[in-house]
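Working notes for the structure below.
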Amino acid sequence: QVQLAESGGGSVQAGGSLRLSCVASGHIHSGHCLGWFRQVPGKDREGVAAIPTRDGGAWYADSVKGRFTISRDNDKNTVYLQMNALEPEDTAMYYCAADRECTILGGYWRIADASYWGQGTQVTVSS
């Protein structure tokens, strides 16, 4: 079992920044995939960023490339999402997720059904 606890959401104006944190506990190790999804009511969840990919790097959704940065502190079992140049379209509930590995197919993070999820933290960006 893995438990995930997010923090750092809030409300900002367009162009602002926020940093999300997710602390993982339980049966988690550095090789496990950690990352972020987001969802707005009435829409499917969208993968945002994940780490580590098979080459040891990170994956980002096209919509956030160049603005968001994912990082990980394995000593603290914590993954971060630094979000800069926020846009109103980034408004969503952001969920931390953990999986055995980061499976990137067709340019998207294909998370397994048997994955783990946090409770979510709301990000609201006003114009």
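The analysis underlying the following values was restricted to heavy atoms, covering all of them including side chains, and did not include hydrogens, waters or symmetry mates. Treat the numbers as computed from the prediction; the structure is a model and nothing was measured.
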Pair Asp62-Tyr108, side chain to side chain contact (heavy atoms under 4.5 Å, CB included): steps then yes or no
CA-CA 9 Å; Asp62 287 345; Tyr108 295 93; over 6 Å; no
Indicate yes or no: at least one non-hydrogen side-chain atom of Arg38 is less than 4.5 angstrom from one of Val64.
yes
Should Leu4 and Val23 count as side-chain neighbours, where that means a heavy-atom distance under 4.5 Å?
no
Centroid separation Phe37 to Trp109 less than 6.0 Å:
yes
Heavy-atom count around Asp44 CG within 6.0 Å, excluding the residue itself: above 12?
no
Tightest non-hydrogen contact, residues Asn84 and Ser17, listed as OD1-OG, 2.9 Å
Should Leu34 and Tyr116 count as side-chain neighbours, where that means a heavy-atom distance under 4.5 Å?
no
Are Ile104 and Val79 grouped together when hydrophobic residues (ILVMFWY) are joined by side-chain heavy atoms under 4.5 angstrom apart?
no
Side-chain (Ser63) to main-chain (Ala61) donor-acceptor, under 3.5 angstrom:
no
If I compare all heavy atoms of Thr78 with all of Ser21, which pair ends up nearest, and what's the gap?
CG2-CB, 4.5 Å
Testing the basics here: between Gly118 and Tyr95, what is the closest heavy-atom pair and its distance to 0.1 Å?
O-CD2, 3.6 Å
Would the distance check show the side chain of Asp99 and the main-chain N or O of Ala112 forming a donor-acceptor pair, the cut-off being under 3.5 Å?
yes
Hey, is CZ on Arg110 packed in by over 12 heavy atoms from elsewhere, all under 6.0 Å?
yes
Side-chain donor or acceptor of Trp59 paired with backbone N/O of Gly107 under 3.5 Å
yes
Correct closest heavy-atom pair for Thr121 and Gly9 would be OG1-N, 3.1 Å
Output, in order, the C-alpha distance, side-chain angles, deciding distance and verdict of side chain to side chain contact (heavy atoms under 4.5 Å, CB included) for Phe68 and Val48.
CA-CA 9 Å; Phe68 291 11; Val48 176; 3.7 Å; yes
Within the 4.5 Å heavy-atom criterion, are Asp90 and Arg67 side-chain neighbours or not?
yes
Does the Thr91 side chain pair with the main chain of Thr124, one donor and one acceptor, at a distance under 3.5 Å?
no
Would you call Ile70 and Met83 a side-chain contact if the rule is heavy atoms closer than 4.5 Å?
no
Under 3.5 Å: donor-acceptor pair, side chain of Asp73, backbone of Lys76:
yes
So which atom in Pro52 and which in Cys33 form the shortest heavy-atom distance, rounded to 0.1 Å?
CD-CA, 4.2 Å
Do you know which two heavy atoms are closest between Gly57 and Ile51, and how far apart they sit?
O-CG1, 3.6 Å
Less than 6.0 angstrom from the centroid, inside 45 degrees of the normal: does Arg72 satisfy that with respect to the ring of Tyr80?
no
Could you give the distance from CE (Met93) to CD (Gln122), rounded to the nearest 0.5 Å?
5.0 Å
Qualifying residues under side-chain contact (heavy atoms from CB on, under 4.5 Å), relative to Val12, sequence neighbours excluded:
Leu18, Leu86, Val125
Are any non-hydrogen side-chain atoms of Thr69 and Leu81 less than 4.5 angstrom apart?
no
How long is the straight-line distance from CG of Asn77 back to OG of Ser25, given to the nearest 0.5 Å?
8.0 Å
Pairwise distance NE2(His32) to OG(Ser115) - rounded to 0.5 angstrom
12.0 Å
Between Glu6 and Gln119 (side chain of the first, backbone of the second, donor and acceptor by atom type, cut-off under 3.5 Å), is there such a pair?
yes
